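To start, the structure under review is shown below, and the notes come after it.
Being a predicted model, the structure only gives us computed values, none of them experimental.
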Amino acid sequence: MTRPVEELLFHWPAVVRTASKGWPADFARSIASQSRRRNWRPSPKQRDLMQRMVSELFTNTGEDDFQVIE
């Protein structure tokens, strides 16, 4: 699913908080900073990476974080 840039940026604060240390965290902070500039648009490569990182927020990691309440 291809999300619009506006939607990617809406979810970006969560990406910044959950990005693993190292390059992913640096990239996430860099995009957060760049996105504040007037008329900024990500490059195609940045957009692809943003797309993947936002998609990972919604991907089930196999861990059950929620208990079913019966």
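- Pairing each heavy atom of F27 with each of Q46, the nearest pair is CZ-O, 3.9 Å.
- P42 pairs in a side-chain contact (heavy atoms from CB on, under 4.5 Å) with only one of the listed residues (L9, D48, V5), which is V5.
- How far CD of Q51 is from OG1 of T2: 5.0 Å, rounded to the nearest 0.5 Å.
- Residue pairs that meet the side-chain hydrogen bond (donor to acceptor under 3.5 Å, both in side chains) test with at least one member in residues 20-32, sequence neighbours left out, are D26-R29, S30-Q34.
- Sorted by first and then second residue, the side-chain hydrogen bond (donor to acceptor under 3.5 Å, both in side chains) pairs involving residues 3-15 (not counting sequence neighbours) are R3-E7, E6-R41.
- In this structure, L8 CG and L57 CG are separated by 10.5 Å, a value rounded to the nearest 0.5 Å.
- Closest non-hydrogen pair, M53 versus A28, comes out as CE-CB, 4.3 Å.
- Rounded to the nearest 0.5 angstrom, T18 OG1 and E56 CD are separated by 8.5 Å.
- One hydrophobic cluster, built from ILVMFWY side chains closer than 4.5 Å, holds both W40 and L49.
- Residues T59 and S55 share a closest heavy-atom pair of OG1-O, 2.8 Å.
- Between A32 and V16, the closest heavy-atom pair is CB-CG2, 4.2 Å.
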